[in-house]
Amino acid sequence: MEKLIELMADVLNLDKESISLETTRENIPAWDSLNHIRLVAEVEEQLNIKIPFEKVPDIKKVGDFLNYIKE
Amino acid sequence: MRLSVLSNINLDSLVGRLSKLNDVYKTEGYGTWVQEIINPNSGLYSFGPQAVFIIIDGEEMFKGQSRNNSTIDMNINYIEETVKNNPDITFFVSNIDLWTRKIDSAKAGSKERGLEFLWEDGLFLLSRKYRNLYVFDLKSIVEDIGREQFYSKKLWYLGGIKFSMKAEKVLEQYINRCVDSVKGKRKKCMVLDLDNTLWGGVVGEVGMEGIELSDYKEGARYKDFQKKLKEIKDLGIILAVVSKNNFDDAIKVIREHKHMVLKEEDFVALKINWDLKSQNIRDLSEELNIGLDSIVFIDDNPVERESVKRELPEVTVPGFPQDTSELLNFAVELYHNYFYTLDITDEDTVKTEIYRQNMKRRDAQKSSASYEDFLKSLETKIEIRRISAENVQRAAQLTQKTNQFNLTTKRYSEQELLALIDEEGFEGFVAYVSDRFGDNGMVSVVITKRKTDTEIELDTFLLSCRVMGRFIEEQIIGFIEDLYKKSGYKRLVTYYKPTEKNAPVKDFFERLGYSVLDVDSAGNKKYILDLEKSSIDSRKKFGELMIL
């Protein structure tokens, strides 16, 4: 989870402290469509998980990634 | 640095990463790289980049085009035109990777390798013909990472991005490294420890026969490491040893061990003693006259590394691999991080020799009765030539790199220099210096500019720090004064423009008897010398001057 937050901060160019599991796409202007797919790719590559193509648009907040990490 | 990344695919995400450190030109859309480079009025040229990276995706290049030579020839021609017409921009053009995933019978064969080769061969021909073009080795990056990891199908279908995040990170590093090289940020000297660094074990304990250094198995770790260091040295990086050891034990290994790849003459200096390493490094930097910030220190012992870091914060001290089977990779990493080299000049290949001669000169100086005796004993020869196509590469390099003895610090590229001396009223000279210890090569550049029939101006006057303190500059300026006096000029106007590093020559012209005409608040000084009253005999002279 720590790693997830770090990844988010890195891709979105924000402070780690400003991001929590409840952070949503609407809260953060930097989380645009390009960065959204970059985030998905980064999470997949670094945490070695797969997020199904069809589910990518459903990810609306940081915590949503956890569904795939836990599985 | 102002740079641009052009491509036939979407690289917005990569451009975003690069923008953290650089001023990067953003293209409208993608796939327009040919228009951008061919049209002299394109956004690219009005942006004015110093370096342009052209990253070509092979699949995309052939899309809708016939898979044969004509597509390649056409694109190579565009690139040649561009590189020729923009000599002051450095271009990096990628080779290509063709991942076809073609479904066809085995008999059908694959001509992709051939196309990849044709493209790369076309680029290499250009890179030999034009100094401002380099091949960007995309294909090797793809091979090192592996196609499955380099490309991302998901990113492609989601956002038209072809490369994975991992691939982007590597590309980012690679591009930044090229940018550093264009800026000339390369380090100059690598200082090496001996025990457990160049060989395994402690020679003082196990003796020459006991150390690990061989062609196979354990000892090959160190031999392979040495081989790579030798390759780095051959690119013009100087190597030195700083080791806590009994001199006799260590030098015996260096001279006699049959698996030592690095020989005594490969090192500019061997500081093998029990003094503090930081003190040895400080001495070395003074003896070689290079800054501490251009030194990289390699030692397996973390205590030594920490001590050098603390005493000499300017010195770069990378970690040392805990797993010594990584030594070969470590050497490659050192090369990439600190010594990455775009091109080598003839000077680079003999650099260690030049610095070794300088060390011998210092020894001669110590044994001379007076400094003047020492200078006379050097048997210096100064050869002055005009700048020409044959010597312009080194002349331009000197204007780029010389910081201390540089009165106006004007930086010129080769093309600018050639254009300048072609202009009416400009003349350019270079000086070569040799002495009984060896050849220093080209060490000085002088450019003059005619102002009026009676007034000549000094546009550039610089001297390499290698030969500072030998009054060579006085003989060169004496030659210039004399030359224009005899051509009928009455006045020589010169300048001192202060920079962070050229304080050593702040009062150079005052010492030579020039009158200060003007000083502004920034410290820029303008001088004048009445040529009718000057005499070449008033200039100090320790060498023999030859005009060619």
Side-chain angles (χ1 to χ4, degrees), chain A residues 1-21 23-71, chain B residues 5-32 55 57 60 97 99 101 141-176:
Chain A
M1 209 199 72
E2 183 68 13
K3 179 102 187 180
L4 176 66
I5 303 280
E6 253 172 53
L7 274 174
M8 305 289 299
D10 187 41
V11 174
L12 301 174
N13 218 354
L14 296 167
D15 282 338
K16 266 195 290 186
E17 288 68 34
S18 65
I19 299 171
S20 75
L21 288 178
T23 306
T24 65
R25 281 185 74 169
E26 280 101 44
N27 299 143
I28 297 184
W31 195 341
D32 58 13
S33 56
L34 172 65
N35 275 340
H36 186 60
I37 46 181
R38 289 183 67 201
L39 272 175
V40 171
E42 196 75 75
V43 170
E44 282 196 344
E45 288 175 32
Q46 299 249 353
L47 304 179
N48 206 12
I49 53 156
K50 284 278 171 211
I51 299 166
F53 190 87
E54 288 72 15
K55 303 284 183 199
V56 172
D58 298 342
I59 293 171
K60 305 256 195 266
K61 61 179 191 335
V62 177
D64 290 344
F65 282 108
L66 285 179
N67 298 331
Y68 305 97
I69 299 170
K70 277 175 189 155
E71 270 166 21
Chain B
V5 182
L6 303 176
S7 181
N8 52 357
I9 54 170
N10 178 355
L11 291 182
D12 290 350
S13 171
L14 175 64
V15 167
R17 288 174 192 268
L18 290 164
S19 303
K20 280 181 255 169
L21 289 177
N22 304 284
D23 190 1
V24 191
Y25 170 64
K26 293 194 177 53
T27 46
E28 293 294 324
Y30 42 93
T32 56
I55 312 280
D57 179 67
E60 200 61 31
D97 175 57
W99 192 16
R101 279 172 286 193
I141 299 176
V142 177
E143 282 170 348
D144 288 349
I145 297 181
R147 280 170 171 164
E148 290 290 353
Q149 304 234 16
F150 187 87
Y151 298 105
S152 166
K153 291 184 282 287
K154 188 159 283 160
L155 277 170
W156 174 246
Y157 291 123
L158 280 171
I161 298 172
K162 204 150 181 180
F163 302 156
S164 71
M165 291 294 117
K166 184 175 178 185
E168 274 192 359
K169 276 176 212 154
V170 178
L171 286 170
E172 178 190 6
Q173 275 179 11
Y174 197 108
I175 290 175
N176 279 327

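Throughout, protein chains are lettered first and strands after them, A, B, ... in sequence-line order, and every chain is numbered starting at 1.
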[atom1] of [X]: more than 12 outside heavy atoms within 6.0 angstrom?
X        : atom1 : value
Lys50(A) : NZ    : no
Asp58(A) : CG    : yes
Phe53(A) : CZ    : yes

- Query: By number, which residues in residues 9-20 of chain A have some heavy atom less than 4.5 Å away from chain B?
  - Reply: none
- Counting a contact as any heavy-atom pair under 4.5 Å apart, which residues of residues 34-44 of chain A contact chain B? Leu34(A), Ile37(A), Arg38(A), Val40(A), Ala41(A), Glu42(A), Glu44(A)
- Highest number of heavy-atom pairs under 4.5 Å with chain A among Ser152(B), Gly16(B), Ser164(B) belongs to Ser164(B)
- Message: For Gln149(B), which atoms come within 4.5 Å of any heavy atom of chain A: side chain, backbone, both, or neither?
- Response: neither
- Is Glu45(A) reaching over with its side chain to a backbone N or O of Lys166(B), donor-acceptor style, under 3.5 angstrom? yes
